2 protein chains.
Amino acid sequence: MNRALVFNQHLRNKGLKNTRQRLIILETFLDSSFHYSTEELYQVLRKDHPRIGYATVHRTLKLFTECGIAVELNFGDGQTRFEPLYSDHHHDHLVCTRCGKIIEFVEPRIEQLQREVAERYDFSVESHRHELYGRCIKCSQPS
Amino acid sequence: MNRALVFNQHLRNKGLKNTRQRLIILETFLDSSFHYSTEELYQVLRKDHPRIGYATVHRTLKLFTECGIAVELNFGDGQTRFEPLYSDHHHDHLVCTRCGKIIEFVEPRIEQLQREVAERYDFSVESHRHELYGRCIKCSQPS
DNA sequence: AACCAACTGAAATTGAGTTTCAAAAACTAG
DNA sequence: CTAGTTTTTGAAACTCAATTTCAGTTGGTT
Ligand SMILES: [Mn+2]
Ligand SMILES: [Mn+2]
Ligand SMILES: [Zn+2]
Ligand SMILES: [Zn+2]
């Protein structure tokens, strides 16, 4: 799954244009394995591309989400975060409430039990959010 | 666990006062089994108590959270919701993305697996959020 | 090259959440 | 009870991320 390709396809499908800014934002976003907020990605971009505006970064991240190459995350800190989506590698998150560190985890048995729960209530699941909040090993050490 | 008592204790501990408004808000909040946002609870209260202000409702819900008789929920609709906390009855949520219906579920096997995951990363969990988004049975019916 | 729809970025707007402040209410001590 | 002190209240102002607006620019098509 080539994410750049999926994005181009999406632009074509919707009659949208392939601009210099969108390409730069896409590359920067995909190169990182971070969980960027709009503001953070904007700051990173500003170093090399000071003329790209915040609104454009915001709109482009929304486009990424629309065409399925990114997902929105919300860890309750008042900032929406975005991460590149790997369709073959779903994961959930451990979030350190002290230093902000984000650890990714995969647990197929939980995914399976989720499906069972949904079935129990005749509920058809489209997405889910599963996050554990607490202290990472560094932050639980007695300094 | 008498939640009104816990709240009074909290007020005393912090040198706060026992006001008419706080009592009314507490009763209305506990009587409901809803997942109210501040605005929603404010609207409900306004019917019988039109002089209670939004800011007071907001501050009081924060107090409830502080003393542990309520929890904040965020289902990604841009409104923070609050629900009375029953210390002996933890649950997670199914959220219908069409009609907004909220179904509560309990699955001890998932809770157990969560603990295993945390251990795997030497992570000490303080809280977690686990929500499944999709269609409730009514909303997945072909009208 | 010319046209036009889409795009950009600065600035304005929105909306939930939070804070401010002067008047009111709850305590406390006498 | 009364006076004095502290906290609370509610309307309005403020904050801040997210979103929209709009005039000038750019991309893509003929
Ligand atoms: Mn991740
Ligand atoms: Mn609930
Ligand atoms: Zn940490
Ligand atoms: Zn529904």
Side-chain angles (χ1 to χ4, degrees), chain A residues 7-29 35-67 70-82 100, chain B residues 7-29 35-67 70-82 100:
Chain A
F7 184 54
N8 280 328
Q9 197 62 50
H10 184 68
L11 293 183
R12 228 166 296 129
N13 290 165
K14 290 223 159 185
L16 306 178
K17 290 175 176 172
N18 219 320
T19 68
R20 196 171 46 78
Q21 289 92 332
R22 283 175 177 163
L23 185 63
I24 291 167
I25 296 170
L26 179 66
E27 284 176 350
T28 308
F29 179 64
H35 303 83
Y36 279 133
S37 67
T38 308
E39 177 64 29
E40 285 167 355
L41 181 55
Y42 170 63
Q43 290 303 334
V44 169
L45 283 160
R46 233 156 69 95
K47 287 173 198 154
D48 286 339
H49 306 281
R51 328 189 67 189
I52 293 183
Y54 179 94
T56 302
V57 177
H58 171 261
R59 286 183 287 228
T60 305
L61 284 170
K62 284 293 186 190
L63 278 179
F64 294 167
T65 305
E66 249 179 59
C67 71
V71 276
E72 290 192 22
L73 302 174
N74 195 304
F75 295 146
D77 64 345
Q79 304 251 127
T80 300
R81 295 174 180 282
F82 296 81
Chain B
F7 183 55
N8 279 328
Q9 196 63 49
H10 184 68
L11 294 182
R12 227 168 295 128
N13 289 164
K14 290 222 158 184
L16 306 178
K17 289 173 179 175
N18 220 320
T19 68
R20 195 173 46 78
Q21 289 91 331
R22 283 175 179 163
L23 185 63
I24 291 167
I25 296 170
L26 178 66
E27 283 175 352
T28 307
F29 179 65
H35 302 82
Y36 279 135
S37 66
T38 307
E39 178 64 28
E40 286 167 354
L41 181 55
Y42 170 63
Q43 290 303 335
V44 169
L45 283 160
R46 233 156 68 96
K47 288 174 199 156
D48 286 339
H49 306 280
R51 329 190 66 189
I52 293 184
Y54 179 94
T56 302
V57 177
H58 171 261
R59 286 182 288 227
T60 305
L61 283 170
K62 284 294 187 187
L63 278 179
F64 293 166
T65 305
E66 247 180 60
C67 71
V71 277
E72 290 192 23
L73 302 174
N74 195 305
F75 295 146
D77 63 347
Q79 303 251 125
T80 301
R81 294 173 182 284
F82 296 81

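All values derive from a computational prediction rather than experimental measurement. We name chains A, B, ... by the order of the sequence lines, and we start the count at 1 in each one.
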Notebook entry, point to check: Under 4.0 Å between a side-chain N or O of Thr19(A) and OP1 or OP2 of dG27(D)?
Noted result: no
Check: Quick one: is Gln79(A) getting a side-chain N or O under 4.0 Å of the dA18(D) phosphate, OP1 or OP2?
Finding: no
Check: OP1 or OP2 of dA18(D) sitting under 4.0 Å from any side-chain N/O of His58(A)?
Finding: no
Checklist line | Distance, rounded to the nearest Å, where Ile52(A) contributes CD1 and dT25(D) contributes C1' | finding: 15 Å
Check: Roughly, in whole Å, what's the span from OH in Tyr54(B) to P in dC14(D)?
Finding: 18 Å
Margin query: I want to know whether Phe82(B) and Phe29(B) have ring centres closer than 6.0 Å.
Written below: no
Next item on the list: Evaluate the side-chain proximity of Val57(B) to Ile25(B): yes if any heavy-atom separation is below 4.5 Å, no if none is.
Entry: yes
Notebook entry, point to check: Could one point to a donor on the side chain of Arg59(A) or the base of dT21(D) with an acceptor on the other under 3.5 Å away?
Noted result: yes
Next item on the list: Kindly give the heavy-atom pair with the smallest separation between His10(B) and Cys67(B), and that separation in Å.
Entry: CG-CB, 3.2 Å
Check: Start at the 5' end of DNA chain D and walk down; is the nucleotide closest to Pro50(B) or to Arg22(B) reached first?
Finding: Arg22(B)
Item checked: Pairwise side-chain contact, Asp48(A) with Thr28(A), heavy-atom cut-off 4.5 Å (strictly under) -> no
Margin query: Regarding Glu39(B), tell me which of base, sugar-phosphate or nothing describes its non-hydrogen contacts under 4.0 Å with the strands shown.
Written below: nothing
Check: Of the non-hydrogen atoms in Tyr42(A) and Ile52(A), which two are nearest, and what is the gap between them?
Finding: CE1-O, 3.3 Å
Notebook entry, point to check: Is there a residue in residues 9-18 of chain A whose heavy atoms reach under 4.0 Å of DNA chain D, and which residues are they?
Noted result: Lys17(A), Asn18(A)
Check: With side chains defined as the heavy atoms from C-beta onward, is the minimum distance between Glu40(B) and His35(B) less than 4.5 Å?
Finding: no
Note to self: When you measure from the side-chain N and O atoms of Lys62(A) to the phosphate of dA18(D), is any distance below 4.0 Å, counting only OP1 and OP2?
What the structure shows: no
Notebook entry, point to check: Between atom CZ in Arg81(A) and atom P in dA17(D), what is the gap in whole Å?
Noted result: 11 Å
Next item on the list: Would you kindly compare Ala55(B) and Thr56(A) by the position of their nearest DNA chain C nucleotide and give the one closer to the 5′ end?
Entry: Thr56(A)
Next item on the list: Please list, in 5' to 3' order, the outermost nucleotides of DNA chain C lying under 4.0 Å from any heavy atom of chain B.
Entry: dA16(C) to dC27(C)
Note to self: Using OP1 and OP2 only, check whether a side-chain N or O of Thr80(A) sits under 4.0 Å from dA18(D).
What the structure shows: yes
Check: If you take all heavy atoms of Ser37(B) and Arg81(B), which pair is closest and at what distance?
Finding: N-NH1, 3.8 Å
Next item on the list: Starting from the C-alpha separation in whole Å, work towards a yes-or-no answer on side-chain contact (heavy atoms from CB on, under 4.5 Å) for Arg51(A) and Gln21(A).
Entry: CA-CA 9 Å; Arg51(A) 328 189 67 189; Gln21(A) 289 92 332; over 6 Å; no
Next item on the list: Search all heavy atoms of Lys17(A) against all heavy atoms of Arg22(A) and return the closest pair with its distance.
Entry: O-NH1, 2.6 Å
Next item on the list: Find the distance Leu63(B):CG to dT8(D):C1' and express it as a whole number of Å.
Entry: 11 Å
